[in-house]
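What you see below is based on every heavy atom in this structure, not just the backbone, and it leaves out hydrogens, waters and symmetry mates. Worth saying up front: this structure is predicted, and the values here are computed from it rather than measured. Throughout, a chain's letter reflects where its sequence line sits, starting with A, and its residues are numbered from 1.
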Number of protein chains: 2
Amino acid sequence: MPLSPATPIILVVEPFGGSTRRHNPSLPLVYWDDAAVTRGDGVFETLLLRDGRAANLERHLRRFRASVKLMGLPEQAAEHWRKATAEAVEAWYEKNDSDARCVWTLTRGRESTGIPTAWITVREVGETSVRQRREGVSVMTTERGYSINEHLPGVHRVTSGTPTEKKLKDPAPWLTVGAKTLNYAANMAALRYARNHGFEDIIYVDDDRVLEGATSTVVIVKKGRRLRTPVPGGDILPGTTQAALFAYAEKHGWKCREKNLWIDDLFSAESVWLVSSVRVAARVTRINDVKLPAPANVAEVEELITRALAE
Amino acid sequence: MPLSPATPIILVVEPFGGSTRRHNPSLPLVYWDDAAVTRGDGVFETLLLRDGRAANLERHLRRFRASVKLMGLPEQAAEHWRKATAEAVEAWYEKNDSDARCVWTLTRGRESTGIPTAWITVREVGETSVRQRREGVSVMTTERGYSINEHLPGVHRVTSGTPTEKKLKDPAPWLTVGAKTLNYAANMAALRYARNHGFEDIIYVDDDRVLEGATSTVVIVKKGRRLRTPVPGGDILPGTTQAALFAYAEKHGWKCREKNLWIDDLFSAESVWLVSSVRVAARVTRINDVKLPAPANVAEVEELITRALAE
């Protein structure tokens, strides 16, 4: 591993043809009139690069393309992003042998051209993520401050992928709740708040119902090799890492279910995890004032997730 | 007025000392790891430049500094932004004599430096705004898709400025609802939806209660020279142009009040307006399927708003 920080890789992607060009990371990239900068109007995905490949690539690709569709951005060919990501992976491993954080971004583009902007970045996994994988995180529970109106037509269908009887002709304005947009200011504010209060992360709750982390999915481990996660959809973004974990664990003797979770379920679980693409899995060591001691099978759970991402 | 599009002015502002430098608008401005681009983590204000000055400057400055505080960004000295704006105004009117759209942006800055990024842009007022000033807009009403939990401590106080008995020590994570952040993806999606359905703008409603436009404040004119606007706070951003209008109109024989408005109030009003800094005032000519005929005093209302901004 290099001692000085690794140089990030920036790959600009042409949003229609998929051709790429390297961009110097020490120069500005985005124009002043790009919708990403003026309105946060774009979508992204964050992937882990590990062992010379992008982990969980197909699930990220599916969610990315679903976000693109929800936001009414031009359809993105899967093969273009696979190819561009492979180039970015190759560029990273030419100079490094460590894990890396890869981000795909697609914005509505410059006001003056109307052409979407797309790029891929690759950089080191932050020290904080590495430490939290090892040591876990203390979390506080907090309300989001708003409630998604689940009764609106289409919200459940679009965010969870479940078909409804009534077919909607057009995506409705409120349906950006199911897309992974650049609008993360509130989540970032919640994290700052938690850090100012001696916590490292948060779990959003709606009264007693458990939603998700600021940038992660909540997974609990229950006695008898059982995994549970809150049902995605509405104000819970479907988690790609959780999905990979559940798919792998099911094949290896675990019982996995999406199920409404309540705060009490967190306290009665064997262990509670925040699962996301780059930090991968951080065990929750404290919730508000309650310590959660490490169970005997911590290493087994960690290995399960690691193997799921190597599939 | 020049026949070719006017060259935009970009002024980068040093966020602590306030010094400025011109930036070439044909070159990228923002780095790939800026929080504006990765998380929509920043705040902005849009001002009208008219008759050689920034209209309604002090109200924008107040809201900007309130947004900065809510988001936990470094305090911005009013005199730095006054001075930088004056430079931008001067640069614009050296080459142009028309109205212009001026935007202030402050972001949490690059991940690699931790130093906020700030800049001012000035460009032409779009043709659409100019046409809608003249011809008005057809609007559809739509739900936001989420509800702000008004019962949470502090929400009302922070978004409306009204003091509460219980003093909160720290800003809470949910309080970004009162800040004018870059997280406008949902509003932009709602506008696209409206345009795909033959409308030019939207009015957000919560059941029958009127909230605001996508990027504007709703103002209605009632018989007897009365102006009404929904009470700001919670999910209604306080409007700077509406505030200027009310302050001026009160001094000139109008009765102005912030008051809950219902959809029926729109239909029974003399006229309904969407008020914002650059488009200034667009009369609503249709709401969903109902046409709103122009009242006799349209010109009087327009002049009232124009004069308010010249104060």
Query - Option that, when pairs with chain A are counted at under 4.5 Å, heavy atom only, ranks first among L182(B), T107(B), V30(B), T46(B) - result: V30(B)
**Report entry** Spacing of W32(A) atom CH2 and L11(B) atom CG [to the nearest 0.5 Å]
**Finding:** 13.0 Å
Query raised in the report: What pairs with E111(B) under side-chain hydrogen bond (donor to acceptor under 3.5 Å, both in side chains), at least two apart in sequence or on another chain?
Result: R101(A), R123(A)
**Report entry** Least distance between heavy atoms, N183(A) atom then A186(B) atom
**Finding:** OD1-N, 4.4 Å
Report summary line: Applying a strict 4.5 Å limit to non-hydrogen atoms, the region of L27(B) in contact with chain A is backbone
Report summary line: Here the gap from I10(A) atom CD1 to D33(B) atom CG, rounded to the nearest 0.5 Å, amounts to 7.5 Å
Report task. Could you list which of residues 37-45 of chain A have a heavy atom closer than 4.5 Å to any heavy atom of chain B, in residue-number order? Result -> V37(A), T38(A), R39(A), G40(A), D41(A), F44(A)
Query raised in the report: Can you say whether S26(B) sits under 4.5 Å from chain A via the side chain, the backbone, both, or neither, judging by heavy atoms?
Result: backbone
Report summary line: Nearest heavy-atom approach of P25(A) to R110(B) is O-NH2, 4.0 Å
Requested in this report: Under 4.5 Å heavy-atom distance to chain A, tell me which part of T117(B) shows up: side chain, backbone, both or neither.
Outcome: neither
